[in-house]
Amino acid sequence: MTPGAWTSWPSREALSREGLTRARRLLARVVRVVALTALVWTAAAERGVHGWAVALAPVALIASGAAAWGFFRTTLEHLLWPSVGLLALLLGAAFAAEQAGFRGPALVLWCGCAVTALERLPLVAAIPLTAGALTGFAVLNNDAWFTTAVTTIGLCLAGYVLRLDAEARGSAQRLLRQERAARAAEAESAALAERARIAREIHDVLAHSLSAQLVHLEAARLLIERGADLDQIHERVVAARGMARDGLTETRQALSALRGEMTPLEDFLRELVVTDGATVSVEGVRRPLSVEASQTVRRVAQEALTNVRKHAPGATAQVRLEYGAAEVTLEVRDSGSAAPAGELTVSGSGYGLLGMRERAELLGGTLVAGPCEEGFAVKLKVPA
């Protein structure tokens, strides 16, 4: 036994009724009723008690009950000296009962104080009080010494077993409370992660859509400044409107994906390149991907094709999707553009691919973007 065990209290969970089953609560009430009945019955059955002792017996009984209730409350609050004082008061009541001729109630009080002290007090205080109570019991008891010794040892064991049982129940209550707190924290963390995922999806969709619109609106502005033909300006404005409409469609698709309603990835890529004249090739054994991995592939493809339209107008793009054994690879490569660089090449924030790279890293994947033999290539790998 560690040195701290002698001075430590039983936990509040152990001393309270928290975690008691209905059967154990009923048993505890039965024990209290039996103890009170034994006190009253033995007091009434005593012979040779007269005068003031009989008159004061009900008052003593009520006072002892109040002291016992106070002892349970002070031990629950871990108040040492008030608890010791109240138990000493009960031992004094037992001694007074014995002096007044109430030997039966005195025996009940001696035994009850001995067991309760071991159950609810620190051992450094419980052992002396229990020794005093059992000494009074041994002196008062008229049984043979062997019977008295066995009863004394049994009372000590009963008190200590009750203490261990209460501590085990208290530990179970603490573990249950910690588990509930851990589950609540886990649920809150999952909710925050889901909110972050939703926010990331909506942000990526809007960033892609608005960036594409910005390309066409910037082109329309340049055409207006150069005095271009009205039909060319109209074409750019109509394209921007189409991008806005597509953005709304993509937002609805993202929300559907978050609900688990997603079109196959290959179909999505083919629909994505319809207006760009790009080619799509799929390699490997096709299989369903997780929502996060599928959404990452879709967003990277959108961002890469938007960059082709923005920085390499007129270039031909190739989209390759490969299903590997443990990962899926997306590669978007363009042929480069011979058109001179203009103001459109600097439109946008420049954080699109950076955001896609961070998104891939969250899944344990990688994204590499840079010049290739002819133009520019973006290569994404995510676990699948």
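Below, each value reflects all heavy atoms present in this structure, side chains not excepted, and no hydrogens, waters or symmetry copies.
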Tell me, yes or no, whether the heavy-atom count around R183 atom CZ, taken from other residues, nucleotides or ligands under 6.0 Å, exceeds 12.
no

Does CZ belonging to F95 count more than 12 external heavy atoms closer than 6.0 Å?
no

Can you tell me how far apart [atom1] ([X]) and [atom2] ([Y]) are? Round to the nearest 0.5 Å.
X    : Y    : atom1 : atom2 : answer
M356 : Q302 : CE    : CD    : 9.0 Å
I127 : L118 : CD1   : CG    : 7.0 Å
W9   : L121 : CH2   : CG    : 5.0 Å
Y160 : L123 : OH    : CG    : 6.0 Å
L367 : L380 : CG    : CG    : 5.5 Å
T74  : W81  : OG1   : CH2   : 13.0 Å

Out of curiosity, does [Y] fall in the hydrophobic cluster containing [X] (side-chain heavy atoms, cut-off under 4.5 Å, transitive links)?
X    : Y    : answer
L79  : V124 : no
V280 : L265 : yes
L272 : V382 : yes
V273 : V282 : yes
V237 : L222 : no

Any salt bridge between [X] and [Y], counting N to O under 4.0 Å?
X    : Y    : result
E167 : R163 : no
E218 : R221 : yes
E179 : R177 : no

Using every non-hydrogen atom in the two residues, find where [X] and [Y] come nearest and quote the distance to one decimal.
X    : Y    : answer
A67  : L90  : CB-CD2, 3.8 Å
K381 : E327 : CD-OE2, 3.5 Å
T130 : A114 : OG1-O, 3.2 Å
A317 : V308 : CB-CG1, 4.5 Å
A240 : L217 : CB-CD2, 3.8 Å
A133 : W110 : CB-O, 3.4 Å

Considering only heavy atoms from C-beta outward, does the side chain of [X] approach that of [Y] to under 4.5 Å?
X    : Y    : result
R120 : F72  : yes
V115 : L162 : yes
V319 : S281 : no
L80  : P122 : yes
T116 : F71  : yes
L362 : E358 : no
L321 : L269 : yes
F268 : V297 : no

Go through the steps for D334 and F376 under the test side chain to side chain contact (heavy atoms under 4.5 Å, CB included), then give the verdict.
CA-CA 6 Å; D334 66 71; F376 196 85; 3.3 Å; yes

Please check: side-chain N/O of H78 versus main-chain N/O of P10, any donor-acceptor pairing under 3.5 Å?
yes

